[in-house]
Every structure is written in structure tokens, then in C-alpha cells.
Number of protein chains: 2
Amino acid sequence: MNTTSRTEENYLKAIFQLCERSEEPIATNAIAHAMKTSAASVTDMIKKLSKKELVHYQKHKGVRLTDSGNSMATSLVRKHRLWETFLVNKLNFSWEEVHEIAEELEHIPSKKLIDRLDDFLGNPKFDPHGDPIPDSAGNFTFRKQISLPELAEGAEGVLVGVQDDTMTFLQYLNKLNLTLGTKIKIVERFDYDESTKIVINGKQEQILTNKVCLNLFVKTI
Amino acid sequence: MNTTSRTEENYLKAIFQLCERSEEPIATNAIAHAMKTSAASVTDMIKKLSKKELVHYQKHKGVRLTDSGNSMATSLVRKHRLWETFLVNKLNFSWEEVHEIAEELEHIPSKKLIDRLDDFLGNPKFDPHGDPIPDSAGNFTFRKQISLPELAEGAEGVLVGVQDDTMTFLQYLNKLNLTLGTKIKIVERFDYDESTKIVINGKQEQILTNKVCLNLFVKTI
DNA sequence: AAATATTTTTAGATTAGTCTAAAAATACTT
DNA sequence: AAGTATTTTTAGACTAATCTAAAAATATTT
Ligand SMILES: [Mn+2]
Ligand SMILES: [Mn+2]
Ligand SMILES: [Mn+2]
Ligand SMILES: [Mn+2]
């Protein structure tokens, strides 16, 4: 049986995302935290994934995805992001609503379905949160982007992505009128509280905390 | 926890479809056959559904859906048929490919999703196999239709539905150029082998076996 | 109305995924 | 280097869904 369960898929995707943020082997606890489950459950699952050669694993040393695990996770990310794009672009959902639904849709198995969906959407390269959508072969489009604190005082950028895509953060951005494509100019930085004054689309002035700035990616213009 | 598992949902839908074809309580074996599982498993599940008040059940007397079971099943049918319509109308799948994929998609839980999808598709009343799609309140559109054997010799009808929607039957219909919307005229019936000669869209002559005719629904014109 | 056949239920196992608590391994402090 | 804290693994138990085999109930035939 070379089949992969929904649960195994969710673990693979979580491990993939942890791998993106570190070169080190991923700790059991880190996975447990990401999956909101116990370390014991993670150990059980890791053993299973290891037996299926989807992760490299040595006791007490953490895990990395194998090539086959990586390509499976990439396919899940592709599905997740294409469905998110569908929900926003075709069904008029807003960007903070789609993650949860895509979390389910990503497990629909048909490759033909996802390739057709990709075409139907016009082969988008980025999802509603600005994250890259791997193509049918698993290749990601790389984009030169910097986080807002890296943008020089006086310089301008276009908001192209967010680091954090939790509901609460995205809803907060909605309130601030910060959507993807928005033009942001750095007016002034205040050392006192590490806040930043920006101008949105050339008109609206706004003060952002450093926490918010760290979660915004812009393309310079 | 008033949650319904994917498995429970599949049972509810199967029972719903058996109920459509008979007023009698549905036998354990009938469900087992529909679900391709053992009678023992069905008994277990029936007890569970009964405890949740989704079916009426008495030992050895078979089951019927309760109102709440019925509305749950109707919602599943709605989702199934809307997704099938999406796959055919928007992603260019053909009618024999979509059942299997919709079998998965129907379990995606968001009501908002399905209502948006319904609007996106233009609130279709029938799915790619001619089956009615219940609206958001669970109401089916009724259509006056007859099976091909009921259509008089010399009379004409438009193909609006199929009884059997297995892959093999639908592929066979493809070969015969019989798609929904096709005009069918009964030319002659042969008692010898119960076959029927028809004309398709006013040009192509064709002999159909009774087995095929019984699975075709037409609207008279 | 018995005898036989069929259907349905129960009993007991199995597998996937989860949990808590305890044991073992590793890392950090003093 | 020893002691303490943290992380990870193991042990054992639980639930949902499944199975086979046997028992019980119902239906059919003689
Ligand atoms: Mn998921
Ligand atoms: Mn996203
Ligand atoms: Mn299903
Ligand atoms: Mn259908």
C-alpha cells in the first residue's frame, strides 16, 4: 500500500514548512507544536513516515524530508495555494477566510483536477497571501523581496506578501487598508518604540509597530 | 460533539439514495452492498447513527432517515452535484470523470463555500447527469420526465437525465453520441429482442437495447 | 408447523491515530 | 564532572472503523 493518509499529509506539510525556516533537522517538539499534538504522537508518526522513506530520521536527532517526502509536501502546498487563489479570485472570499478551507481542499487527490484548476486560474505564480505557487513540476517562482524594516527611510515599495497569515493578523491589515499591491513609503522611523511611519498609496499616513513591519514583504520600486 | 465523520456522511448519503428508490425501511444488506462493506460493519454504524438520531432504527427492521439525517444527506447531495457541475462546466471534465472526485469534495464542510460556488455556477438546477441540485434550503426542482421505453413510437424527446451514472455506461453513451440535450426520436420497437431504433438529433440512426433505454430519461417535446 | 435458508446481530480482533505517564537520552548549569 | 532541566521515546490505554466467524432472528419452503 503506497497510499498516504490525510494525517500523514498534514505532518509532511508541517515538516516542510519547518524545513523552510531552518537548515537543521526538525525537532519532535517543533512538529508537535505545529501540529498541536503531543510529542508522543509525533514520534509515532515520524516512525511511520520514516518506514515509508518520506523522512530521514534518527532517534533523538530530529527529521528532514527525503526527496520523495519533499515532492509530496510540495504538491500539497501547490494544491493549498491554488485552492486559496480559487476561493479569493473566483468565489470572492477574503484572504483571511481561505486558509482553513484550503486546509481541507488540499487533500483532494486528483492531479488532473489540480492541473485543470491551475489553468482555469490562469497559472498564477503567487497565492492571495503572496506565497509562491509551485508549478506542476514542483518549481517555485523566486521573487526578490525584502521585509519592511529593510526598506530605507524615504524609499517606496509594493506590498507583495505577508510572513504571518493568521486570521487575526490579516484582519488587522484589512483595518489598516494594507492589501497586496498597496504602495508603501517609509516616512520616518522612531527609535524610541521601534515604530515606523508610512504612507499608504501616496495618501494615508499610518504608524506601524515593528512587529507588524517584520511580517510585511515588499518589492522595491 | 455533534460532529459527523466522513464515514458517517457516506453512510447517510447511501441510505438517502436507497430511500429514494423505496418507501420501505432499508435493509442492512442493502446498505452493505451500496457501501461495499460487511453487514456487521453496517450494523455497527447504524447503531451509531441511531444514537445520534440521524436514522430511525429497530433491530431487524431496517432504517429510515430522520428529518435531521435527511437534511444532512440532502446537503451532501447538494455539494456533490454542485462540485460535479463545477468540474464539467468550469474545468472541462467530462461527465463520466466527475463522480469520483465529487465523492471527496462533497465532504468539505463550509456552507459559505458551497453557497458561493452555487452562485458562481449561476445556481444550476441540474447536475451534469441531469440529477436535480437541491437549493440552499434543501428543495429539489421537480421535472416531468419519462424513461425512454415510456416514449411512444414516433414521438420525440430530449435526453435530460440518466438512471445509471457509472463510468462504463456514460462512456458507452459518449460512443453513441448521446449527451444531455440530445433530441431522440423513437422510430420503431422490435419485440424480438426488445430493442429500439431511434434517430439522434434528426440524423443519426441507432439501435438501443432495452437495458440502455431503461437508463435514459427524456422530456417530451 | 417443521425444517431450511437467509438476514441480521453479536463477539472478538485488527489498524490508524491519539492520549497520559513514566523512562531514557540529551542539553544546560553550576 | 555532577546535578538538574528539558526533550524524546516507550509503554499502555482509548476511540473509530473495519473485519471474520458464530449466534440469533426472521423468512421461505416443504
Ligand atoms: Mn490539511
Ligand atoms: Mn496562502
Ligand atoms: Mn463521499
Ligand atoms: Mn451526478
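Chain naming here is simple, since letters A, B, ... match the order of the sequence lines and numbering starts at 1 in each. Keep in mind the model is a prediction, meaning the values are calculated, not measured.
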Query raised in the report: With a 3.5 Å cut-off and no angle check, do the side chains of A:Lys52 and A:Ser68 form a donor-acceptor pair?
Result: no
Report summary line: Of the listed C:dT8, D:dT9, D:dT18, the closest approach to the B:Ala39 side chain comes from C:dT8
Query raised in the report: For B:Lys61 and D:dA25, what is the distance between atoms NZ and C1' respectively, to the nearest whole Å?
Result: 11 Å
Query - Charged N-O contact under 4.0 Å between A:Asp135 and A:Arg78 - result: no
Query raised in the report: Would you say the side chains of B:Ser71 and B:Thr74 form a donor-acceptor pair under 3.5 Å?
Result: no
**Report entry** Distance-only polar pair, side chains of B:Asn10 and B:His107, donor-acceptor under 3.5 Å
**Finding:** yes
Query raised in the report: Which part of the nucleic acid, if any, lies within contact of A:Ser41, taking any heavy atom under 4.0 Å across all strands shown: a base, the sugar-phosphate backbone alone, or nothing?
Result: base
Residues 16-27 of chain A side chain polar contacts: donor-acceptor under 3.5 Å, at least two apart:
residue: A:Ser22; atom: OG; partner: A:Glu24; partner atom: N; Å: 3.0
residue: A:Ser22; atom: OG; partner: A:Glu24; partner atom: O; Å: 3.4

Query raised in the report: Base, sugar-phosphate, or nothing for A:Thr43, non-hydrogen atoms under 4.0 angstrom?
Result: base
Query raised in the report: Parallel, tilted or perpendicular: which fits the ring planes of A:Trp95 and A:His129, with parallel below 30° and perpendicular above 60°?
Result: parallel
Query raised in the report: With a 4.0 Å cut-off on heavy atoms, is A:Thr7 in touch with a base, just the backbone sugar-phosphate, or nothing at all?
Result: sugar-phosphate
Query raised in the report: From the list D:dC19, C:dC19, C:dT9, which nucleotide is the closest neighbour of the side chain of B:Ser38?
Result: D:dC19
Report task. Could you list by number each residue of residues 9-19 of chain A showing a heavy-atom separation from DNA chain C of less than 4.0 Å, or answer none if no residue does? Result -> A:Tyr11
Query raised in the report: Just checking, A:Lys90 and A:Phe120: is the charged tip under 6.0 Å from the six-membered ring centre and within 45° of the axis?
Result: yes
Query - Close side-chain approach of A:Leu176 and A:Leu208, heavy atoms under 4.5 Å - result: yes
Requested in this report: Mind calculating the distance between CD1 (B:Ile46) and P (C:dT7) to the nearest angstrom?
Outcome: 15 Å
**Report entry** Minimum-distance nucleotide to B:Lys59 side chain [options: C:dT10, C:dT8, D:dC19]
**Finding:** C:dT10
**Report entry** Candidates D:dT9, C:dT8, D:dC19 - which lies nearest the side chain of B:Ala40
**Finding:** D:dC19
Report task. Mind calculating the distance between CZ (B:Arg6) and C1' (C:dA16) to the nearest angstrom? Result -> 15 Å
Requested in this report: Could you check whether A:Lys47 gets within reach of a base, just the sugar-phosphate, or nothing at all, counting any heavy atom under 4.0 Å?
Outcome: sugar-phosphate
Query - Distance in angstrom units between A:Ile26 CD1 and D:dT8 P, rounded - result: 11 Å
**Report entry** Residue closer to the 5' end of DNA chain C, A:His60 versus A:Thr37 (nearest nucleotide)
**Finding:** A:Thr37
Query raised in the report: Are any of B:Tyr57's side-chain N or O atoms less than 4.0 Å away from OP1 or OP2 of C:dT9?
Result: yes
Query raised in the report: The side chain of B:Asn29 lies closest to which of these nucleotides: C:dT9, D:dT18, C:dT7?
Result: C:dT7
Query raised in the report: Just how far, in rounded Å, is P of D:dT10 from CG of A:Asp44?
Result: 9 Å
Report summary line: B:Met45 CE to C:dT9 P, in whole Å, measures 14 Å
Report summary line: Atom CD of A:Glu8 and atom C1' of C:dT18 are separated, to the nearest Å, by 14 Å
